[in-house]
Amino acid sequence: MAGKLMHALQYDSYGGGAAGLKHVEVPVPSAKKDEVLLKLEATSLNPYDFKIQKGVARPFLPRSFPYIPALDIAGEVVAVGPGVEDFKTGDKVVAVLSASSGGGLAEFAVAKKSLSVARPPEVSAAEAAGLPIAGLTAYEALTQCAGVKLDGSGIQKNILITAASGGVGHYAVQLAKLGNTYVTATCGARNIEFVKDLGADEVLDYKTPEGAALKSPSGKKYDAVIHCAPGIPWSTFEPNLSENGKVIHLSPGPSAMITFAVKKLTFSKKQLMPLIMTPKGENLKRLVNLVKEGKLKTVIDSKHPLSKAEDAWAKGIDGHATGKIIVEP
């Protein structure tokens, strides 16, 4: 592939939204030690991608400009670097890219072998591409923070999932119901039936008084909240939590971090837990297997060609996608 050019989208500075993306021809990257080069078949977008562009992680991300965004990819191996024995040319894989280097909005991308997982024929490229960031976040929040066992064992837990029709939320509902849980979920009115179909036991329209107050229609107190929505204060959660209830906050801002510290320092039984997900290949493999077995599905909001990826970007920034937004080269 040396010397070959590929189509990609990149931005040269912070800000700019969809208009800040530029279509470019750049050299195809090469696989270095412990890396695989993939010809991409699908890429999915996450709110994290738009936050990086806004500069919320500066001065750490991106490490340099220009930057090709998007981290969730599925594709076919076209070359392997030294030290790669698990994959060979022609293998289908799903991978999560490093946020520091990015690379998903392109025809080819290089992924670490440790964060690449074989994709079986039963799982489409688009289904697989939706899994890494959103699926792993839901998985980690439920299994590590909320203590839900996905084999259905353990005592029953009452779980609240906010923004349940979104990328993380729609996976969280499905994964939670694999465990011994009673799931209350919030979403917009148009998605209530959709979220019920995912398995939620009760669903609240977040724009109603009951939904805004997060009160369970059956009067349940929540053992854990998988909090995927912005802008809900601790004071709204606290009266709805069980004695040892915890709010697992997926995008904590300064006020959430203050609450986290105060609850820790005062030894409160009710806790706020910020979650910064750490991608792990073995967890991604578990998710792929659940999709293969028909126990988990990626709901696709829309598909966009790479030639019009800025449309996908604009739709993602708008923040009302149902499931995942996919870009296909």
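Put simply, CD1 on Ile300 and NZ on Lys324 are 10.5 Å apart, with the number rounded to the nearest 0.5 Å. Taking CG of Asn244 as the start and CG of Asp223 as the end, the distance is 8.5 Å to the nearest 0.5 Å. Separation of atoms NZ (Lys39) and CD1 (Ile73) is listed at 13.0 Å; rounding is to 0.5 Å. In this structure, Leu45 CG and His304 NE2 are separated by 8.0 Å, a value rounded to the nearest 0.5 Å. One finds the NZ atom of Lys285 at 13.0 Å from the CG atom of Leu290 (value rounded to the nearest 0.5 Å). Atom CD of residue Glu140 and atom CE of residue Met277 lie 6.5 Å apart, to the nearest 0.5 angstrom.
Contact record, Met257 with Pro274: SD-CG, 3.7 Å, taken as the closest heavy-atom pair. Nearest heavy-atom pair, Leu131 versus Tyr171, reported as atom, atom and distance to 0.1 Å: N-OH, 3.5 Å. Between Val84 and Glu35, the shortest heavy-atom contact is CG2-O, 3.4 Å. Contact record, Val36 with Ser116: CG2-OG, 3.8 Å, taken as the closest heavy-atom pair. Nearest heavy atoms, Ala99 versus Tyr67: O-OH, 2.6 Å. Of all heavy-atom pairs spanning Val203 and Cys187, the tightest one is CG1-SG, 3.6 Å.
Taken together through direct or relayed side-chain contacts under 4.5 Å among Ile, Leu, Val, Met, Phe, Trp and Tyr, Leu250 and Leu198 form part of one hydrophobic cluster. Tyr206 and Val168 are not part of a single hydrophobic cluster, where members link through side-chain heavy atoms under 4.5 Å apart. Cluster annotation: Tyr222 is not connected to Leu175 through the hydrophobic network of ILVMFWY side chains, with a link wherever side-chain heavy atoms come within less than 4.5 Å.
The main-chain N or O of Lys297 is found under 3.5 Å from a side-chain atom of Gln174 such that the two form a donor-acceptor pair. One N or O on the side chain of Thr43 and one on the backbone of Gly104 form a donor-acceptor pair closer than 3.5 Å. At least one donor-acceptor pair under 3.5 Å links the side chain of Gln53 to the backbone N or O of Gly17. Remark: side-chain polar atoms of Lys207 are not paired, donor with acceptor, to backbone N or O of Gly211 under 3.5 angstrom. For the pair Thr186 (side chain) and Ala163 (backbone), a donor-acceptor distance under 3.5 Å is present. In this structure, the side chain of Asp34 does not engage the main chain of Lys113 through any donor-acceptor pair within 3.5 Å. Looking at His170, its side chain does come within 3.5 Å of a backbone N or O of Val299 through a donor-acceptor pair. Lys221 contributes a side-chain N or O that, together with a main-chain N or O of Pro239, makes up a donor-acceptor pair within less than 3.5 Å. Within the 3.5 Å criterion, the main-chain N or O of Val183 finds a donor-acceptor partner in the side chain of Asp201. Judged by distance alone, with hydrogens and angles left aside, the side-chain atoms of Thr162 form a donor-acceptor pair with the main-chain N or O of Cys228 at under 3.5 Å.
Classification of the Phe237-His227 ring pair by plane angle, with boundaries at 30° and 60°, yields perpendicular.
A donor atom on one side chain and an acceptor atom on the other are found under 3.5 Å apart for Glu202 and Tyr182. Side chain to side chain, Ser268 and Thr266 fail the donor-acceptor criterion of an N or O pair below 3.5 Å. Using modelled atom types and a 3.5 Å distance limit, the side chains of Asn283 and Arg286 yield a donor-acceptor pair.
The side-chain heavy atoms of Val28 and Leu37, taken from C-beta on, include a pair separated by under 4.5 Å.
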Determine whether Leu275 and Cys145 satisfy the following criterion, side-chain contact (heavy atoms from CB on, under 4.5 Å), listing intermediate values before the conclusion. CA-CA 8 Å; Leu275 172 64; Cys145 301; 4.0 Å; yes

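Identified under the salt bridge (charged side-chain N to carboxylate O under 4.0 Å, His left out) test for residues 253-268, with sequence neighbours left out: Glu238-Lys263. Residue pairs meeting the side-chain hydrogen bond (donor to acceptor under 3.5 Å, both in side chains) criterion with at least one member in residues 70-79, sequence neighbours excluded: Ser44-Asp72, Asn46-Asp72, Glu76-Lys92.
Paired with Leu284 under the rule side chain to side chain contact (heavy atoms under 4.5 Å, CB included), one option of Asn289, Val117, Leu115 passes, and it is Val117.
Using a cutoff of 4.0 Å between basic side-chain nitrogens and carboxylate oxygens, Lys88 and Asp91 are scored as salt-bridged. Taking the charged nitrogens against the carboxylate oxygens, Glu107 and Lys4 have no contact shorter than 4.0 Å, which rules out a salt bridge.
In this structure, Arg58 satisfies the cation-pi test against Tyr14, with its NZ or CZ atom closer than 6.0 Å to the six-membered ring centre and inside 45 degrees of the ring normal.
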